[in-house]
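Computed from a predicted model, the values in this text were never measured in an experiment. Positions are given from 1 along the sequence. When reading the values below, keep in mind they use all heavy atoms of this one structure, side chains included, and skip hydrogens, waters and symmetry mates. For ligands, and for the atoms within them, numbers begin at 1 and follow the listed sequence.
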Amino acid sequence: MTSIQVKPLTESGFFAEITGADLGRHGDDAQFEAIKSAHLAHGVIVIRDQRLSPEQQIAFSRRFGPLAIHVLEDQLLEGHPEILLVSNKTKDGRYVGLPDAGRFWHTDQSYEERPALGSILYALEIPEDGSGDTWFCDMTAAYEALPPATKARLDGLRGMHIYNHAHENFSLNDDQATRLPGYDHPIVRTHPETDRKALYLGGKLLKYIVGLEEAESGTLLDELYAHCEDDAFIHRHQWRQGDMVFWDNRCTMHFAQPYDDKRFTRHMHRTTVMGDRPV
Ligand code: SIN
């Protein structure tokens with residue numbers, strides 16, 4: 001028996017709001033099962049009004065699988081490498097975390113052999129003017145709405161994902177770049193738990209479609225992004241302090257919007273659950 005309430009925030013059912021949960025009670029099995037099924041049913045969930053220590057966020061996240069340690073080791077929370085700092089705070093003149101994480105459509109860790117299952121982003125401080133939204137795209141609905149001829153054309157195609165040119169202030173050092181040479185994944189993947197097909201694109205990190213001429217690959221990818229940007233597939237999340245947003249990277253893309261980072265602080269803790277190899 002759990003007291004949590006799940007309310008979809010779009011007509012299609014994509015993106016749901018959960019109230020009445022306390023993720024500090026990460027050992028509560030009924031609460032965990034309700035959150036897990038909401039996550040699978042809605043693709044992205046926001047769990048409101050949380051007050052969590054790093055240990056509690058890590059313990060909750062671990063219930064969904066092993067956690068990934070982000071390659072940018074200088075942007076991890078000291079003593080808790082499972083937490084990536086998404087933050088424009090500075091200490092001794094340098095950023096403590098990533099001030100410009102995800103400023104383009106992408107899905108997390110798509111450049112790895114086993115990209116992220118899900119990411120869990122906890123808002124500790126948000127801009128006072130309400131800016132710094134994160135946009136989410138429902139890639140299952142986007143795939144299902146494609147014309148049959150486009151679906152047939154995409155069948156069997158693979159995209160090459162490489163982690164470079166992602167941030168203004170950081171780039172991978174030679175060792176990090178050697179560890180992450182990139183990986184190719186299907187352009188259409190089947191969700192391992194729901195069995196539904198979804199587009200799997202990576203924005204700036206998806207460099208080309210394997211086996212196509214550069215121009216053909218570019219044109220096809222442009223067409224797919226234009227299709228995905230239809231309002232029918234998108235939910236724009238405006239953050240509240242204490243929000244914990246958990247997105248399923250296997251069937252969604254997201255895009256962090258800019259804000260006035262000279263005037264406002266946006267400080268978040270992200271944990272990342274490791275996933276399967278896309279098929
Ligand atoms: C991310 O892509 O992990 C960051 C998203 C955000 O800051 O809104």
Side-chain angles (χ1 to χ4, degrees), residues 9 15 39 43-48 50 54 57-58 61 64 67-77 80-89 95-112 115-139 161-170 172 180 200-206 225 228 234-261 264-275:
L9 295 184
F15 202 110
H39 183 247
V44 190
I45 50 179
V46 53
I47 307 165
R48 301 284 195 193
Q50 299 305 302
Q57 178 171 349
I58 290 167
S61 307
F64 294 89
L67 301 187
I69 308 290
H70 201 276
V71 66
L72 294 174
E73 49 269 283
D74 289 346
Q75 279 69 46
L76 306 178
L77 181 64
H80 296 289
E82 301 87 350
I83 292 186
L84 173 69
L85 290 167
V86 175
S87 176
N88 64 330
K89 283 192 181 185
Y95 287 114
V96 299
L98 273 179
D100 64 345
R103 294 274 174 87
F104 52 92
W105 285 115
H106 68 289
T107 168
D108 292 325
Q109 267 87 326
S110 65
Y111 45 81
E112 295 194 9
L117 174 160
S119 306
I120 299 175
L121 191 60
Y122 173 41
L124 290 127
E125 286 178 64
I126 53 165
E128 282 147 32
D129 67 345
S131 60
D133 292 359
T134 309
W135 296 356
F136 292 92
C137 180
D138 179 350
M139 299 298 267
H161 299 250
I162 303 175
Y163 188 21
N164 56 11
H165 309 117
H167 307 287
E168 231 173 69
N169 300 285
F170 302 92
L172 299 187
L180 290 177
Y200 191 64
L201 307 176
K204 271 210 290 209
L205 308 185
L206 170 49
Y225 291 116
C228 291
I234 293 188
H235 177 74
R236 298 173 177 84
H237 179 64
Q238 186 174 33
W239 291 86
R240 293 186 204 158
Q241 194 178 359
D243 279 355
M244 173 77 96
V245 175
F246 181 14
W247 60 85
D248 190 335
N249 282 296
R250 302 166 295 185
C251 57
T252 67
M253 287 195 298
H254 57 285
F255 184 165
Q257 299 301 301
Y259 57 97
D260 186 345
D261 58 5
F264 300 117
T265 300
R266 187 176 185 271
H267 184 71
M268 306 199 169
H269 283 179
R270 194 185 101 182
T271 39
T272 311
V273 183
M274 288 169 74

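Backbone and side-chain nitrogen or oxygen atoms of R270 are examined, and one is located within less than 3.5 angstrom of a nitrogen or oxygen of ligand 1. At least one N/O-N/O distance between T134 and ligand 1 falls below 3.5 Å.
The backbone N or O of Y122 sits nowhere less than 3.5 Å from a side-chain atom of Q57 that would complete a donor-acceptor pair. Proximity of a side-chain donor or acceptor of Q50 to a complementary backbone N or O of R48 within less than 3.5 Å is detected. At least one donor-acceptor pair under 3.5 Å links the side chain of N88 to the backbone N or O of D261.
Between H161 and Y200, the two ring planes are tilted [angle within 30° to 60°].
Of all non-hydrogen atoms in I120 and S61, the two that sit nearest each other are CD1-OG, 3.5 Å.
Counting heavy atoms closer than 4.0 Å to ligand 1, residue R266 contributes side-chain atoms (C-beta onward) but none from N, CA, C or O. Contact annotation for L121 and ligand 1: only side-chain heavy atoms (C-beta onward) come within less than 4.0 Å of the ligand.
At least one heavy atom of H106 sits closer than 4.0 Å to an atom of ligand 1.
Heavy-atom proximity to V86, at under 4.0 Å, picks out these atoms of ligand 1: 7 (O). Within ligand 1, counting atoms from 1 as listed, the ones closer than 4.0 Å to a heavy atom of G102 are 2 (O). Those atoms of ligand 1 that come under 4.0 Å of a heavy atom in A256, given as number and element, are 5 (C), 6 (C), 7 (O), 8 (O).
Aromatic pair W247/F136: centroids less than 6.0 angstrom apart.
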